[in-house]
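Below is one structure; the comments refer to it alone.
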Amino acid sequence: MEPNDLEQSSAFYAPLLNTPSSGDGAPAAATWRRSLKGYGVILASLVFLLSLVALIMNQSQEVPLPSPNIASAPKLEPASFLIPEARGIAEGVSAKSNPSLLKEVAFNWTNAMFSWQRTAYHFQPEKNWMNDPNGPLYYKGWYHLFYQYNPFSAIWGNITWGHAVSRDLIHWLYLPLAMVPDQWFDIYGVWTGSATFLPDGKIVMLYTGKTNGSVQVQNLAYPANLSDPLLLHWDKYPGNPVMVPPPGIQDDDFRDPTTAWVGPDGKWRVTIGSRFNTTLGLSLVYQTKNFIDYELLDGVLHAVPGTGMWECVDFYPVAINGSLGLDTSAMGPGIKHVLKASLDDTKVDHYAIGTYDPIKDKWTPDNPKMDVGIGLRVDYGRYYASKTFFDPHTQRRILWGWINETDTENADLRKGWASLQTIPRTVLFDNKTGTHLLQWPVKEVESLRLNSTVFKDVLVEAGSIVPLDIGTATQLDIVAEFEIEQLESSTTDEASDCGNGAVERNTFGPFGILVIADDSLSELTPVFFRPVNTSDGSLNTYFCTDEKRSSKANDVFKQVYGGEVPVLEDEKYNMRVLVDHSIVESFAQGGRTVISSRVYPTEAIYGAARLFLFNNATGVNVKATLKIWDLNSAFIRPFPFGETTI
Ligand code: DQQ
């Protein structure tokens, strides 16, 4: 499709205001005032009309939606009003609880709303609960994903290893469960683990088992038949466990072994997250020659006070230059090492980049102020327990991450499923900043691209919203660039973060896109940049998503997420956003800062979901250029064992 000229329509929506019908936050720039005159009457009538519609809709849920396609949605059925008490963290390390929601009145969810939430091209099991990605690997032409899975319910428990395979990381085939809790050393759960390839082609899987005495131990498993590309059957080593909590470490603070790497002495190392004295987060290092006998090394790989229990530690090398991933055992000049920990206390994945000393088995962050748990996050949204693997087939390091729900457990039970995995992302060192990783959706997702629409140099004036006419906007791949034109001088007393979300107006921002929005803007999720003036005259930019108006329902957790993103002098503001029904994955500046956001709209669904540009800055106009693809659904289904060709 040819580039669309949207300048004509740029004033048809009011800016995002804190109180939708109030008149606060009027832009101050002279240019803005001039352009406002031309549209003043239209705007005033529109604001009045919108307020009227909002008022009517508040009084009655029965007002029809503006979308012509909503009629095609499945029949609505009333949902239950019961909210069970959320389970406490004591029940398990991955208990899902949103206690803040307990006070809220349950929304009248319908089955149609629930059906719409299921994603079209993200990996999720056919039904029930999923959490951490486990043991990802590539073998004989297949990508394997194992995952923490409850075969019996949509809430955490009975943890087994689900298993699926894919040729391309996008279309998945479900396989039978890989490992179930059936031994004394894992009877209370086959918890998280990682795969290691040995030089002779064998595969070892180390995983945490919760024993019959509720002790966290590390167990060894291996494929029963290496000639089977599907790796259907796994044998657990009869001598398990191979590691038990060492002295000084609590029985329930010892879990999630990493992929092993081989040191200069030819011995393998594996690191395991833990904590000491409640608050000192740390990672222990064990050494082994045969994956059966292990020696705990003195000291730790690394520890950070105040960060609490480290779960799902990931430790891997990245090349300082170039675009290839590295095998986990790679080390030497031109290589840095990434240490990632999932902080149990906050349920946030943090990483830091640093140097690994393979003789002392110690890792040191490049910048102690940005150490693990106190600096960068892997993803600033709803994201946890991530894990990478090296794909020898394409020489990439690929990152998986678990996206949890932010609704109630009752809603999950009604839907029959909970959680999904992100689109796998390649991970590279960002040698332009030298401080960040770059995460980017694997290129295979582009095979889902259908028709595209280009919008070139769309003017989005300060305080305006511009609809992007692409029709239904539920499965999208959006690439957008923004340039700003300053209209007024700035002040320096601006919130240096994502502020109160997209409604908080600064001189330079926020500006970006509104995804999963309905025509009347009663529901919307802004993904945006917020450049903030600093006292030395430079701009610090934050990349954010604001879920506060993503849903009319109050029994879902709605947050403003985001973090700082370096925007270098020769760069425009750029973002890539993957929209897949209830999940929005957003990547700023080539993947320096990433946000996964979970949204539960009630109106901006099916044919009613729309896309807009917005600029809520007071002192800049924005010029936006976008390319937007509709994305096909991925084919995710049970493995067709009866078929001869797949
Ligand atoms: N989930 C697993 C644990 C891990 C936690 C249990 C992180 O092994 O520490 O399901 O989400």
Side-chain angles (χ1 to χ4, degrees), residues 87-97 125 128-136 145-163 177-181 185-195 205-211 214-219 221 241 243-245 249-259 270-275 281-284 307-315 340-350 373 377-379 382-388 399-406 418-422 596:
R87 292 164 313 128
I89 206 91
E91 258 195 68
V93 292
S94 295
K96 171 173 177 263
S97 56
N128 293 331
W129 168 271
M130 171 175 66
N131 55 293
D132 317 356
N134 289 155
L145 175 67
F146 305 87
Y147 47 93
Q148 297 280 281
Y149 182 58
N150 184 351
F152 307 116
S153 170
I155 56 177
W156 186 89
N158 314 299
I159 292 295
T160 72
W161 274 34
H163 185 190
L177 298 176
M179 288 196 277
V180 301
F185 50 77
D186 61 14
I187 199 74
Y188 286 140
V190 185
W191 284 5
T192 282
S194 308
M205 198 68 89
L206 287 172
Y207 72 93
T208 299
K210 190 171 172 186
T211 71
S214 286
V215 179
Q216 292 172 10
V217 298
Q218 314 314 324
N219 298 319
M243 286 169 265
V244 298
I249 295 296
Q250 303 275 344
D251 284 354
D252 56 356
D253 287 342
F254 184 59
R255 56 184 179 270
D256 312 332
T258 60
T259 293
V270 61
T271 185
I272 298 171
S274 185
R275 68 175 163 175
L282 55 87
S283 205
L284 304 163
T307 53
M309 175 66 196
W310 286 11
E311 299 187 303
C312 302
V313 168
D314 199 15
F315 184 59
K340 188 271 321 186
S342 303
L343 301 199
D344 194 20
D345 290 354
T346 55
K347 298 285 181 224
V348 172
D349 274 22
H350 284 267
R377 297 180 180 202
V378 180
D379 185 305
R382 185 73 171 180
Y383 180 93
Y384 198 59
S386 61
K387 183 178 295 296
T388 63
L399 170 72
W400 282 101
W402 163 45
I403 300 174
N404 198 353
E405 306 289 325
T406 55
S419 305
L420 49 122
Q421 303 291 339
T422 60
S596 296

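Whatever order the structure lists them in is the order used to number ligands and atoms, beginning at 1.
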Would one find an N or O of Trp191, backbone or side chain, under 3.5 Å from an N or O of ligand 1? no
Options Asn150, Asn134, Asp344, Asp256, ranked by nearest heavy atom to atom 3 (C) of ligand 1, top entry: Asp256
Look at the aromatic rings of Trp129 and Trp402 and report parallel, tilted or perpendicular, splitting at 30° and 60°. perpendicular
Could you tell me which residues satisfy salt bridge (Lys or Arg N to Asp or Glu O under 4.0 Å) with Lys387, sequence neighbours excluded, listed by chain and number? none
Closer than 4.0 Å to some heavy atom of Trp156 - which atoms of ligand 1 meet that? 10 (O)
Under 3.5 Å, is there a donor-acceptor pair linking the side chains of Thr208 and Gln218? yes
Who's closest to atom 7 (C) of ligand 1 heavy-atom-wise, of Val313, Thr192, Asp132, Val190? Asp132
Contacts of Phe185 meeting ring pair (Phe, Tyr, Trp, His ring centres under 6.0 Å) (sequence neighbours excluded), chain-then-number -> none
Short list, please: which atoms of ligand 1 are under 4.0 Å from a heavy atom of Tyr384? 7 (C), 11 (O)
Checking the N or O distance criterion of under 3.5 Å, is ligand 1 in contact with Gln148? yes
When you measure from the side chain of Thr258 to the backbone of Thr271, do you find a donor-acceptor pair of N or O atoms at a distance under 3.5 Å? yes
